[in-house]
Visitor: 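Quick one: the structure is below, questions incoming.
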Protein chains: 2
Amino acid sequence: MTYGAKLAALADPTRRAVFEALRGGPRSVGEIASGLPVSRPAVSQHLKALKDADLVRDEPRGTARLYRIHAPGLLELRTWLDGFWDDALERFKTFAETESEPPSEDRQ
Amino acid sequence: MTYGAKLAALADPTRRAVFEALRGGPRSVGEIASGLPVSRPAVSQHLKALKDADLVRDEPRGTARLYRIHAPGLLELRTWLDGFWDDALERFKTFAETESEPPSEDRQ
DNA sequence: TTGCTCCGTAAGTCATAGCTAACTGTAAGC
DNA sequence: GCTTACAGTTAGCTATGACTTACGGAGCAA
């Protein structure tokens, strides 16, 4: 389970909307679909992609099925980004000190 | 400039390879392309996408053109992920305490 | 100025992925 | 046991995007 799969899973706007719908707590497919302009099968497919990326976990509740955000899955993405961030920030600080012009105004 | 564009930019494996090639410092288009199994225009297009997402900045160096990671652009993505992380972790802890079974074994 | 090198853009092709519609499977209720 | 309701799966269509080839522009050297 790599961070690439998680990034790809969160890249799609609709899928990200599905993911963010779980931010308030566990939801079923139908509940999520009712709040989005896409069909229920589409939501189900997005949830499958999120599940494959280990970003959500599901749990049967009678005939329905509850999906919730899987925090440990988010951790890997966070770790990758943090490593990148530390590296980039260090170089950015060096760059900002050596260059005279302010970096935030740099070639916009 | 939303985090959605940044996520979409980093979702593609090749584009992520281009981005990670900049981790060691500023590089030109040709340098990056020589280390990847894609053509130079492809790298150029990926760099444009990364630039549009405010993840990199470019700078002319004679006939060449140096690209570098733009740390402030990464910050927005980090902030979004952190907010999500805090929320998800809180719910995950609550879930782990209420449920008897360990969450990491939950319906794999 | 001419030639070389490096880069960006346009056009075209091809693969991937997201969507809907239709079908199947399963649990709850009478 | 049958019906109903909810979720997952599959097929097919469409659209998006990633890639290459070809072309044009800009800077440096002779």
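This is a predicted model, so every value here is computed, not measured. Letters A, B, ... are given to chains in the order of the sequence lines, protein chains preceding strands, and every chain is numbered from 1.
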Visitor: Which heavy atom of B:K6 sits nearest a heavy atom of B:D54, and at what distance?
Guide: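 That would be NZ-CB, 3.7 Å.
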Visitor: Could you give the CG-to-P distance, from B:L10 to D:dA18, as a whole number of Å?
Guide: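 Between P of D:dA18 and CG of B:L10: 12 Å.
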Visitor: Determine whether A:V18 and A:Y67 make a side-chain contact, defined as any pair of heavy atoms from C-beta on separated by less than 4.5 Å.
Guide: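 They are not in side-chain contact.
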Visitor: May I have the distance from B:R61 (atom CZ) to D:dA26 (atom C1'), rounded to whole angstrom?
Guide: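 That distance rounds to 17 Å.
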Visitor: Which pair of non-hydrogen atoms, one from A:A49 and one from A:R15, has the smallest distance, and what is that distance?
Guide: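 Reported closest heavy-atom pair: CB-NH1, 3.5 Å.
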Visitor: If you walk 5' to 3' along DNA chain C, what is the first nucleotide with an atom under 4.0 Å of a heavy atom in chain B, and what is the last?
Guide: C:dT5 to C:dA10
Visitor: By the definition side-chain contact (heavy atoms from CB on, under 4.5 Å), identify the one residue from A:L75, A:L77, A:D82 that meets it with A:T79.
Guide: A:L75
Visitor: B:S39 side chain N/O closer than 4.0 Å to the phosphate oxygens (OP1, OP2) of D:dT20?
Guide: yes
Visitor: Does the side chain of A:L22 reach to within under 4.5 Å of the side chain of A:I32, using non-hydrogen atoms?
Guide: yes
Visitor: Do B:V43 and B:L66 share a hydrophobic cluster, counting only Ile, Leu, Val, Met, Phe, Trp and Tyr and linking them when any side-chain heavy atoms are less than 4.5 Å apart?
Guide: no
Visitor: Checking A:F19 now: which residues fulfil ring pair (Phe, Tyr, Trp, His ring centres under 6.0 Å) with it, not counting sequence neighbours?
Guide: B:F84
Visitor: Give the B/S/- string for nucleotides 4-17 of chain D, one per nucleotide from 5' to 3', where a protein heavy atom under 4.0 Å of the base yields B, of only the sugar-phosphate yields S, and otherwise -.
Guide: --BBBBB-------
Visitor: To check you understand the geometry: which heavy-atom pair defines the closest contact between A:Y3 and B:R16, and what is its length?
Guide: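 Residues A:Y3 and B:R16, closest heavy atoms: CE1-NE, 3.7 Å.
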